[in-house]
Every structure is written in structure tokens, then in C-alpha cells.
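Indexing begins at 1, ligand by ligand and atom by atom, following the structure's order. Because the structure is predicted, anything quoted here is derived from the model rather than measured. Numbers here are sequence positions counted from 1. Worth knowing before you read on, the calculation uses all heavy atoms, side chains too, and leaves out hydrogens, waters and symmetry mates.
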Amino acid sequence: MDSPAIPRTTAELDLRDVVHWLTHQASGSPPRTEQAITDCLGNHLISIVRSHNTPSTIWRFRAGQQAYVLKADVGRGAALRLELRWYLRAAAVGLPRGLFVLGQEGPAFTFLVLRQFGDTATLDDAALAGRTAADLQGHLRRAAAMNATLFRRTRRRVPVEAVHGVAAHRIDKRVAESMSYPYLLPLLTGRTVTVNGMPLQGLMRSWRDVVDRKSTVRLLTPAEIGLIFGDLHCGNILVDGSGTEVVDPRGGPLLPTAYDFGKLVQSVEGGYGAIMAGRYRLRRIAEDEYEIDVDTPPGYAALAAWLPQWLGDHRYQQALYQAAQHFLAMLPHHASARRETLALALSGMLQFQRLREALAG
Ligand SMILES: Nc1ncnc2c1ncn2[C@@H]1O[C@H](COP(=O)(O)OP(=O)(O)OP(=O)(O)O)[C@@H](O)[C@H]1O
Ligand SMILES: [Mg+2]
């Protein structure tokens, strides 16, 4: 973990100057500022990409003929450290390394260097730019196939109760954190919240409704876990023509593939990318009554109709369950952005409603 992997291509050998500086600076102390990292890149720097809601920053830089991406976070970088460990873990078991070149963990800063793919456009960008459903489908299939390759080679059977225990622990912890935001309480604890004229169950009741029924938990929880990207929403799927790559894997426990199908459902049906991009209208009519209208690109509307068919009924139900959990789990991380978090909470309620309909139908 302390020393970076050895560069493997000529273009990467040209990286040596930059990497030498990065590794030297990253090993120092005290924690470096973002400016110090920018200075490390000197005239190799192309641009800084500010990303949403995460402590890490992305720099694009050039070395030799190749464009790279540096993702770094000051200090030991709690989340970025897990991402680096994910790449090292995948490499250690001989799995494809994707765009990963090398990385190093703190103490001054933690960083990853990736090859730049395309012009940084994501599947969400492609959908917003009006790419056809057939085109978007191809990228989804390829991203899911990459995940399946990881999973196939690492999967193991475990009791459903163990998989459910990890999921329930995550939700209980995040719900407890969300409860410290008074504006979220009516949506979390309310018996009924009216959303777009529909009376829906509050989030905690929706969650308990599933987990208090053993047979529903068994139906919706897979008994196989393995290494997967773990954050396969459409803003982490990069597209370049018909080429597809995935970035931003999440280190942590081994997970069922349904977890990432849930991330896809959350993007395509749940409008996660549009909410993050501020493309929604939200109106509060009363404490427990809201109207929300999230922009859905036409390509995603067509994909949403195709998802149940692609996944099959059972896997689709499992993915809906995961998508609802993802909305619930992310509330505390966004909670300082009140409007956005309300939009996420309401979308979570709508997602639980789709799950109820899928289970009933
Ligand atoms: N290797 C790469 N090639 C091209 N673009 C990239 C690459 N890595 C990251 N990007 C661009 O930077 C964006 C953010 O990257 P990433 O998801 O790793 O960061 P993050 O800090 O987790 O941000 P977010 O909160 O948006 O997920 C990507 O959506 C993509 O546009
Ligand atoms: Mg990301």
C-alpha cells in the first residue's frame, strides 16, 4: 500500500516526473492543501474538475501523449483510501484494472491516477444530450457485464440473514443520522406523506414494512456476495462513442449484484443524476404534502420501460428494493443541502411505492 505500482506502458513511463512528485509529496506531512497538489502538476495540468458532494477533487493532466486523471483528497482521505484499496484488491486477485494506473495512501494526501477516458462524459451526460435508448442500453449492458465479471470470479454463498444484516445495519445507522435534521422528520416518521397527490407511507414505515416480513426479506435479498463496483450509478459510467468504462468503485464489504442494479434503477427510474444536477422542481404544500417533478431525459424514460424486461421480474424487484434503500441511506450525506435532500427523500418514497406495486403485481 505504501509504494505505488510500477508503470507498465511507455506513456505511463512519461508519468514518472509527475508521479515522483506526487508520491514524494503524498508521503510528507502535514496534510497538503488542494493548491499544493495543483502545484505538483505544474504545466502538466489541463483542468480541475470539481465534483459533487465528495471531499476529493479531480485534476486532468497530460503526460507524454496521454491524458490522465488525478483524484486526490487531503490527509488519509477516508473514502478515497477505500477506493484505492478496491483497485488494489481487484488487481491482487487478477481482475481487470480498468483505468487504474497507480495510487498511494497519505499521510499528506491520498491519490489515484487513472487514464482519462473520452472527454469525461458520463452516461447521465449522454442521456441529457439526447442519445438514443439503444445507445444508452449498450452502455448499461457493458457496465453490468464488467460488474458480472468481477462478481463471477469472487462470489461466495452466504446466509441471506448475513446479507440482510449488513443492509439493515447501514439503513439503521443512516436513518439515525438523518433524524438529527428536523426538516426530514415528517418524511421519515410520518404515517402518510402526500407526494404529487398520492398518499404514500413515510420512509421508516416503508422500510419496516419490508423488513418486518421475513418472507419478503428472503425474496428480496440475494444469498450471493462478491466484489462489485459498489456505486454503479449512471454518473460513474463513462462513455466514449460505443466504449464504456466505470469509475469511482467503493471499497467495503462484499455485496450482492442487486446492490448495483439498484444504483442503475436509482439513476434511470429514480432520477438520481437529474436531482444531483438540480434538474427538478419541488413545491412544499404542507408539512406532509409535496409536489416534485424531476426531469427525465427521453432516453431514460425508454430505458425505464426496458429495465424490468432486461432484469426479469425477480431481479427487478430486488433492484427496486436496493434503489429505495440507496435513497434512504444517502440522506445524511446530503442533508446540509436541504432542497436536494427533500428531493432525494421524496424520490425514495416513490421508489418504495414502485416496489410495493411490483410485489403486488
Ligand atoms: N478516468 C477518468 N476519465 C474521464 N473522466 C473521469 C475519470 N475519472 C473521473 N472522471 C470524471 O470526473 C467525474 C467525477 O469522478 P468520480 O466519480 O471518480 O469522483 P467523485 O469525487 O466520487 O465524484 P461524484 O461525487 O460526482 O461521484 C466523473 O463523473 C467523470 O466525469
Ligand atoms: Mg462518482
Whether Glu291 side chain and Arg283 backbone form a donor-acceptor pair below 3.5 Å: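 No.
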Donor-acceptor contact present, side-chain Thr194 to main-chain Gly197, <3.5 Å: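 It does not hold such a pair.
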Any idea which part of [X] is under 4.0 Å from ligand 1, heavy-atom wise: side chain, backbone, both or neither?
X: Glu245; answer: neither
X: Thr57; answer: neither
X: Asp231; answer: neither
X: Thr120; answer: both

Residues Arg284 and Glu289 bridged, charged N to O under 4.0 Å: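 Salt bridge flag = no for Glu289 with Arg284.
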Ligand 1 contacted by Met276 (non-hydrogen, < 4.0 Å):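 Heavy atoms of Met276 never come under 4.0 Å of ligand 1.
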Note, His139 side chain near Glu245 side chain (heavy atom, < 4.5 Å):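 Counting from C-beta outward, His139 and Glu245 never come under 4.5 Å.
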Any side-chain donor near an acceptor of the partner, His233 and Asn236, under 3.5 Å: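 There is such a pair (donor and acceptor under 3.5 Å, judged by atom type) between the side chains of His233 and Asn236.
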His164 side chain to Thr221 side chain, donor-acceptor N/O pair below 3.5 angstrom: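 Looking only at side-chain atoms, Thr221 and His164 do not form any donor-acceptor pair under 3.5 Å.
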Under-2.8 Å protein N/O/S neighbours of the Mg ion (ligand 2), ordered by chain then residue number: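 Those protein N, O or S atoms (cut-off: under 2.8 Å from the Mg ion (ligand 2)) are Asn236 OD1, Asp248 OD2.
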Chi angles and distances behind the side-chain hydrogen bond (donor to acceptor under 3.5 Å, both in side chains) call for Arg356, Gln353: CA-CA 5 Å; Arg356 274 190 290 273; Gln353 177 60 18; 3.1 Å; yes
Summary of side-chain hydrogen bond (donor to acceptor under 3.5 Å, both in side chains) pairs that have at least one residue in residues 168-179, sequence neighbours excluded: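 Output for this query lists Arg170-Tyr259, Arg170-His326.
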Ligand 1 N/O within reach of Gly235 N/O, cut-off under 3.5 Å: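 Yes; at least one N/O pair falls below 3.5 Å.
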Row check, Phe229 ring normal vs Arg250 NZ/CZ: under 6.0 Å, within 45°: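 Judged by the rule (NZ or CZ under 6.0 Å from the ring centre, within 45° of its axis), Arg250 is not positioned above Phe229.
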